[in-house]
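Everything on this sheet refers to the single structure shown next.
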Amino acid sequence: ATRPLTRKFMFPESSIPELAHVIQLAVAPVFLLTALSTMLSVLINRLSRVVDRTRKLEAFILDNPARSAHPRTELHTLFRRTVLCNRAITLCTLTALLICVVVALLFISSLMGFSATLAVAALFVISMGTFIVALLSFLQEIRVASTALENSAKQILEMTHIIHKP
């Protein structure tokens, strides 16, 4: 036989305005979750492209070991980009989980009648910290990709300049 929930754990009708207030408080973190899901999508797309390029390079290196000096250098750069993308994805996911806990705590504390102000504030600050580090990893990955592209373009320009010299 199960015991009925006591009045303490139920949201009384008179507290509907309080519930509406809690929902208002939860809206901002929910918008942040939307931004995080967009960021995760961007990061996953970048990682997917890196993985595809890595597979092509690995096949080329295995088929042409004598001509693999430049592809090996590019493979190292792709590995670095993979590490940075994975770090950013992990940190964005952790941020999203922390924000979900914040939203849950807002509702649970209101329903059960206890103050979770310090816990909510601490979790939100921690989530912003993880998001900042995720963004820094993303920026570092972009820098690595841009530098590799710039170096490759310079090499090609130097090669074509030498070839077309009169």
Side-chain angles (χ1 to χ4, degrees), residues 1-58 72-153:
T2 56
R3 291 184 348 186
L5 288 174
T6 61
R7 189 101 170 120
K8 179 180 178 183
F9 295 108
M10 296 178 65
F11 218 85
E13 271 186 50
S14 63
S15 296
I16 296 298
E18 289 176 36
L19 180 59
H21 181 68
V22 172
I23 291 170
Q24 287 173 343
L25 290 175
V27 167
V30 169
F31 281 122
L32 183 56
L33 287 173
T34 303
L36 284 165
S37 68
T38 302
M39 181 70 177
L40 281 168
S41 179
V42 167
L43 289 165
I44 289 167
N45 282 333
R46 291 184 73 84
L47 180 60
S48 177
R49 293 182 65 165
V50 169
V51 167
D52 290 344
R53 179 65 183 148
T54 300
R55 287 184 179 144
K56 287 180 184 176
L57 270 179
E58 287 171 342
R72 286 177 191 268
T73 303
E74 186 179 348
L75 198 59
H76 177 74
T77 301
L78 291 170
F79 176 74
R80 179 77 180 127
R81 289 182 62 195
T82 300
V83 168
L84 293 168
C85 278
N86 278 324
R87 181 184 306 152
I89 289 168
T90 300
L91 289 165
C92 280
T93 303
L94 179 59
T95 301
L97 290 170
L98 289 168
I99 295 299
C100 288
V101 172
V102 165
V103 171
L105 262 177
L106 286 170
F107 281 99
I108 292 169
S109 67
S110 182
L111 285 170
M112 299 191 135
F114 67 88
S115 175
T117 305
L118 289 176
V120 167
L123 286 170
F124 191 77
V125 168
I126 292 168
S127 70
M128 289 300 97
T130 58
F131 191 47
I132 289 167
V133 177
L135 290 171
L136 290 172
S137 293
F138 179 54
L139 284 173
Q140 193 174 7
E141 189 273 334
I142 289 171
R143 195 186 89 231
V144 169
S146 297
T147 300
L149 181 64
E150 184 180 328
N151 290 340
S152 178

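When reading the values below, keep in mind they use all heavy atoms of this one structure, side chains included, and skip hydrogens, waters and symmetry mates. None of the values given here were measured: they were computed from a predicted structure. By convention here, the first residue in the shown sequence is residue 1.
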Should the pair Arg80-Glu141 be classified as a salt bridge under the 4.0 Å nitrogen-to-oxygen rule? no
Could you state the interatomic distance from CD1 (Ile23) to CG (Leu106), rounded to the nearest 0.5 Å? 11.0 Å
Any chance you could measure Arg53, atom CZ, to Glu58, atom CD, to the nearest 0.5 Å? 11.0 Å
Arg72: side chain to side chain donor-acceptor pair (under 3.5 Å) partners, not counting sequence neighbours: Ser68
Residue pair Thr54 / Val50, side-chain heavy-atom distance below 4.5 Å: yes
Here the pair of heavy atoms bringing Val103 nearest to Pro29 is CG2-CB, 3.7 Å
Ignoring hydrogens and angles, write down the donor-acceptor pairs under 3.5 Å from the side chains of residues 83-91, residues two or more places apart or on other chains.
{"residue": "Asn86", "atom": "ND2", "partner": "Thr82", "partner atom": "O", "Å": "3.2"}
{"residue": "Thr90", "atom": "OG1", "partner": "Asn86", "partner atom": "O", "Å": "2.9"}

Given side chains that start at C-beta, do those of Met39 and Leu43 come closer than 4.5 Å, heavy atoms only? yes
Say whether, by atom type as modelled, one donor and one acceptor occur between the side chain of Ser152 and the main chain of Ala148 under 3.5 angstrom. no
CG of Leu78 to OG1 of Thr73, rounded to nearest 0.5 Å, is 11.0 Å
Backbone N or O of Arg143 within a donor-acceptor pair of the Thr147 side chain at under 3.5 Å? yes
Side-chain donor-acceptor distances from residues 116-132 under 3.5 Å, at least two apart:
{"residue": "Thr117", "atom": "OG1", "partner": "Ser115", "partner atom": "OG", "Å": "3.1"}
{"residue": "Ser127", "atom": "OG", "partner": "Leu123", "partner atom": "O", "Å": "3.4"}
{"residue": "Ser127", "atom": "OG", "partner": "Phe124", "partner atom": "O", "Å": "2.7"}
{"residue": "Thr130", "atom": "OG1", "partner": "Thr95", "partner atom": "OG1", "Å": "2.5"}
{"residue": "Thr130", "atom": "OG1", "partner": "Ser127", "partner atom": "O", "Å": "2.8"}

For a side chain to side chain contact (heavy atoms under 4.5 Å, CB included) check, start with the C-alpha distance between Leu33 and Ser37, then their side-chain angles and the critical distance, and finish with the verdict. CA-CA 6 Å; Leu33 287 173; Ser37 68; over 6 Å; no
Would you find more than 12 non-hydrogen atoms of other residues, nucleotides or ligands less than 6.0 Å from Phe114 atom CZ? yes
